[in-house]
Amino acid sequence: MGTVVIMALVSAIPGMFIPARYFLVGIFCASSLSTPVCLLLTRQAEENRHLREQLEQRVAELARLAQIDGLTGLLTRNAFFDRASVAHGQPGNWYLLIDIDHFKQFNDDHGHQAGDAVLQAVGQAIRESLHPDAICGRLGGEEFAICLTGCDSAQAVRRAEHVRTSIQALRVRAPSGRIVRATASIGLSAGDPTAAIEVSLHRADMAMYAAKTGGRNQVRLAA
């Protein structure tokens, strides 16, 4: 269009008249060039938008994976502490420390694949036995932690027992074909928002140790 305007201005100058057929050539050439250029730019913009969306989705997925334990599907240790620390200042928080009983025996008797299968099954049992609001993580090895929110002592004990019985009910098939069973010792402690989260978790850890020394496969409430 700009080319045609320039031609019109030049044609208005005395002695610089441009015949109409040349205007048609100018219009045709401008259209024949601008149309594919516009289409190309539109296509490139759409491709860039699509690539940007894919990149944003990939970044979000990587951020999510960095917070999830690949074996159990629960939060990683750092992610658990990050989320539980945010909820720690709220009233009605309870902490569970869970340790799979005789876990080393699974690896020794059936191999590490059997141990991994037990960890996966326990992680799934923990997720399915609690409300989605519960913050559940794998602290490392065969040790798990849960932060319950908005419940009283009776509710916390019932939920801890539900986790224990859900783990006890597991039947895990080892690579050898044998079915293995798991139990867990659980320590339960009320959250203390006036102190660091580590204080409440330490009390839960001591209660878990008492559950182990007291016969395993039980829930002990911190004193």
**Student:** Taking atom OG of Ser200 and atom CG of Leu97, what is their separation to the nearest 0.5 Å?
**Tutor:** 10.5 Å
**Student:** Checking the side chain of Trp94 only, and the main-chain atoms of Cys151 only, is there a donor and an acceptor separated by less than 3.5 Å?
**Tutor:** yes
**Student:** Honestly curious: do Ile98 and Leu74 fall in one hydrophobic cluster under the side-chain, below-4.5 Å linking rule?
**Tutor:** yes
**Student:** Going by the salt bridge (charged side-chain N to carboxylate O under 4.0 Å, His left out) test, which pairs reach into residues 137-151, not counting sequence neighbours?
**Tutor:** Asp69-Arg138
**Student:** Could you pull out all residues at least two apart from Thr183 that satisfy side chain to side chain contact (heavy atoms under 4.5 Å, CB included)?
**Tutor:**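 For Thr183, the residues satisfying side chain to side chain contact (heavy atoms under 4.5 Å, CB included) (neighbours in sequence not counted) are Asp101, Gln168, Asn217.
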**Student:** Who pairs with Ala211 by side chain to side chain contact (heavy atoms under 4.5 Å, CB included), at least two apart in sequence or on another chain?
**Tutor:** Ser185, Gln218, Arg220
**Student:** Can Ile100 be reached from Val219 by stepping across I, L, V, M, F, W or Y side chains whose heavy atoms are under 4.5 Å apart?
**Tutor:**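 Yes, Val219 and Ile100 fall within the same hydrophobic cluster.
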**Student:** Listing request: all salt bridge (charged side-chain N to carboxylate O under 4.0 Å, His left out) pairs with a residue in residues 178-192, at least two apart in sequence or in separate chains.
**Tutor:** none
**Student:** Heavy-atom count around His202 NE2 within 6.0 Å, excluding the residue itself: above 12?
**Tutor:**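 Open: at most 12 neighbouring heavy atoms sit under 6.0 Å from NE2 of His202.
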**Student:** Does a sphere of radius 6.0 Å around CZ in Arg216 hold more than 12 heavy atoms from other residues, nucleotides or ligands, not counting ones at 6.0 Å or beyond?
**Tutor:**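 Count over threshold, so yes.
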**Student:** Indicate, with yes or no, if Val157 and Met206 share a hydrophobic cluster defined by side-chain heavy-atom contacts under 4.5 Å among Ile, Leu, Val, Met, Phe, Trp and Tyr.
**Tutor:** no
**Student:** Same hydrophobic cluster for Leu71 and Phe144, using side-chain heavy-atom links shorter than 4.5 Å among ILVMFWY?
**Tutor:**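 Yes; Phe144 is reachable from Leu71 via cluster members.
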**Student:** Locate the shortest heavy-atom distance separating Leu188 from Ala160; write the atom from each residue and the value.
**Tutor:**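 That closest heavy-atom pairing would be CD2-CB, 4.4 Å.
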**Student:** Applying side chain to side chain donor-acceptor pair (under 3.5 Å), can you list everything that pairs with Gln105, at least two apart in sequence or on another chain?
**Tutor:**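 Residues passing side chain to side chain donor-acceptor pair (under 3.5 Å) with Gln105: Asp109.
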**Student:** Which residue pairs satisfy the ring-ring contact (aromatic ring centres under 6.0 Å, His included) criterion with at least one member in residues 67-91, sequence neighbours excluded?
**Tutor:**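 Only His88-Tyr95 qualify under ring-ring contact (aromatic ring centres under 6.0 Å, His included).
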**Student:** Considering all heavy atoms of both residues, which atom of Arg77 and which atom of Leu139 are nearest to each other, and what is their separation?
**Tutor:** NH1-O, 3.4 Å
**Student:** Run the side chain to side chain donor-acceptor pair (under 3.5 Å) test against Asn107 and tell me which residues pass, sequence neighbours left out.
**Tutor:** none
**Student:** For residues 146-165, which residue pairs pass the salt bridge (charged side-chain N to carboxylate O under 4.0 Å, His left out) check, not counting sequence neighbours?
**Tutor:**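 Those involving residues 146-165 are Glu161-Arg164.
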**Student:** With Asp99, which residues qualify under salt bridge (Lys or Arg N to Asp or Glu O under 4.0 Å), at least two apart?
**Tutor:** Lys212
**Student:** Who pairs with Arg203 by side chain to side chain contact (heavy atoms under 4.5 Å, CB included), at least two apart in sequence or on another chain?
**Tutor:**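 Expected list: Ser189, Ala222.
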**Student:** Can I get a per-line list of side-chain donor-acceptor pairs under 3.5 Å for residues 113-128, giving both atom names and the distance, sequence neighbours left out?
**Tutor:**
from, atom 1, to, atom 2, distance (Å)
Gln124, NE2, Glu128, OE2, 2.9
Arg127, NH1, Thr72, O, 2.5

**Student:** Measuring from Asp205:CG to Leu201:CG, what's the distance to the nearest 0.5 Å?
**Tutor:** 8.5 Å
**Student:** Hydrophobic clusters here meaning ILVMFWY residues chained together by side-chain heavy-atom distances under 4.5 Å, can you tell me if Tyr209 and Ile186 are in one?
**Tutor:**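 Tyr209 does not cluster with Ile186.
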**Student:** Rounded to the nearest 0.5 Å, what's the gap from CD1 on Ile197 to CG on Asn93? Could you check?
**Tutor:** 8.5 Å
**Student:** For His162, enumerate each residue passing the side chain to side chain contact (heavy atoms under 4.5 Å, CB included) test, keeping only those at least two apart in sequence or located in another chain.
**Tutor:** Ser129, Thr165, Ser166
**Student:** Kindly determine whether Leu75 and Ile68 satisfy side-chain contact (heavy atoms from CB on, under 4.5 Å), including the steps that lead there.
**Tutor:** CA-CA 5 Å; Leu75 294 173; Ile68 301 298; 4.1 Å; yes
